[in-house]
Chemist: 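One structure, as structure tokens, below. Some questions next.
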Amino acid sequence: MSKAIERVEMLNIVSPGHVVRVEKAKYDAMKDALLAAVPEVEPGLTVAEIKARVLPLLPDHLFPGGAKAGWWLKGVQLDLEARGLIARKNTKPLRLHRT
């Protein structure tokens with residue numbers, strides 16, 4: 001039998017009450033990289049700037065060549081916003097900072 005994949009609930013600030021269960025290892029890796037990349041001070045960084053900082057921090061065995069990193073980045077970003085760990089500055093383009 002194969003080993004069961006551990007899952008974690010991912011929230012979404014845009015859709016309150018909507019929960020998605022995702023692979024914990026990938027979620028944790030992206031969360032750690034995202035929190036390391038997002039500055040504490042306003043106005044923060046754009047999502048493109050954050051992605052450039054996040055990609056080198058991701059383990060290659062979970063995100064080979066950055067595969068699927070964009071989806072995970074957006075999903076974890078929305079989750080961390082819902083949990084109050086990061087906040088958006090409503091600018092064009094959107095900027096994020098830690099709370």
Side-chain angles (χ1 to χ4, degrees):
M1 271 192 144
S2 64
K3 185 179 174 185
I5 296 173
E6 192 173 357
R7 302 243 175 220
V8 64
E9 290 185 347
M10 190 164 64
L11 309 177
N12 186 328
I13 195 164
V14 177
S15 302
H18 182 76
V19 176
V20 178
R21 294 191 48 79
V22 296
E23 189 176 336
K24 184 179 185 329
K26 288 184 178 181
Y27 173 87
D28 287 343
M30 182 58 76
K31 178 183 173 185
D32 291 345
L34 191 54
L35 289 175
V38 174
E40 291 183 13
V41 295
E42 291 187 41
L45 297 173
T46 66
V47 175
E49 292 168 331
I50 292 167
K51 186 174 182 180
R53 290 182 176 200
V54 162
L55 287 176
L57 302 176
L58 296 173
D60 201 49
H61 71 282
L62 293 175
F63 299 94
K68 308 283 185 199
W71 184 89
W72 282 93
L73 174 65
K74 189 62 174 181
V76 174
Q77 169 208 321
L78 294 172
D79 176 77
L80 295 179
E81 283 186 79
R83 295 177 191 276
L85 297 175
I86 63 174
R88 62 177 68 192
K89 185 89 170 161
N90 226 358
T91 59
K92 298 253 184 212
L94 180 74
R95 293 182 166 273
L96 302 170
H97 63 88
R98 287 196 286 166
T99 57

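This chain uses plain numbering: 1 for the first residue, then up along the sequence.
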Chemist: Using side-chain heavy atoms (C-beta onward) and a distance below 4.5 Å, is I50 in contact with V38?
Modeler: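 A side-chain contact exists here, since the closest heavy-atom pair is under 4.5 Å.
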Chemist: Nearest 0.5 Å, please: how far is CZ in F63 from CG in L55?
Modeler: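 Output value for this atom pair is 9.5 Å.
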Chemist: Are any of the side-chain nitrogens in E42 or K89 under 4.0 Å away from the carboxylate oxygens of its partner?
Modeler: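 Yes, this pair counts.
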Chemist: Side-chain contact test, heavy atoms from C-beta onward, threshold under 4.5 Å: evaluate it for V47 versus R95 and give yes or no.
Modeler: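 A side-chain contact is absent here, since even the closest heavy-atom pair is not under 4.5 Å.
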Chemist: Of the non-hydrogen atoms in T99 and A87, which two are nearest, and what is the gap between them?
Modeler: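 Closest approach of T99 to A87: CG2-CB, 3.6 Å.
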Chemist: Provide the closest heavy-atom pair for P39 versus G44 in the form atom of the first, atom of the second, distance.
Modeler: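 Smallest interatomic distance, heavy atoms only, reads CG-CA, 3.7 Å.
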Chemist: Mind listing the closest non-hydrogen atom pair of W72 and E23 along with its distance?
Modeler: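 Residues W72 and E23, closest heavy atoms: CH2-O, 3.7 Å.
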Chemist: Side chains of I86 and H97: does their closest heavy-atom pair fall under 4.5 Å?
Modeler: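 A side-chain contact under 4.5 Å is absent here.
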Chemist: Taking a hydrophobic cluster as the set of Ile, Leu, Val, Met, Phe, Trp and Tyr residues connected by side-chain heavy atoms closer than 4.5 Å, whether directly or through intermediates, do L80 and V19 fall within one such cluster?
Modeler: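 L80 does not cluster with V19.
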Chemist: Flag the pair L85 / R98 as yes when at least one side-chain heavy-atom distance between them is below 4.5 Å, and no otherwise.
Modeler: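 A side-chain contact is absent here, since even the closest heavy-atom pair is not under 4.5 Å.
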Chemist: Report yes if some heavy atom in the side chain of L11 is under 4.5 Å from a heavy atom in the side chain of L78; otherwise report no.
Modeler: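 They are not in side-chain contact.
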Chemist: If we only count heavy atoms from C-beta on, is the L94 to T46 side-chain gap below 4.5 Å?
Modeler: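 No; the side chains remain at least 4.5 Å from each other.
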Chemist: N12 versus V20: any side-chain heavy-atom pair under 4.5 Å?
Modeler: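 Contact flag for N12/V20 side chains = no.
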Chemist: Of all the heavy-atom pairs spanning A37 and L45, show the shortest one and how long it is.
Modeler: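 Result for this residue pair: O-CD1, 3.6 Å.
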Chemist: Over all heavy atoms of both residues, which pair between A36 and L57 is shortest? Give the atoms and the distance, please.
Modeler: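 Heavy-atom minimum between the residues: CB-CD1, 4.1 Å.
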Chemist: State, yes or no, whether a side-chain contact exists between V22 and V8 at a heavy-atom distance under 4.5 Å.
Modeler: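 Yes - at least one pair of side-chain heavy atoms lies under 4.5 Å apart.
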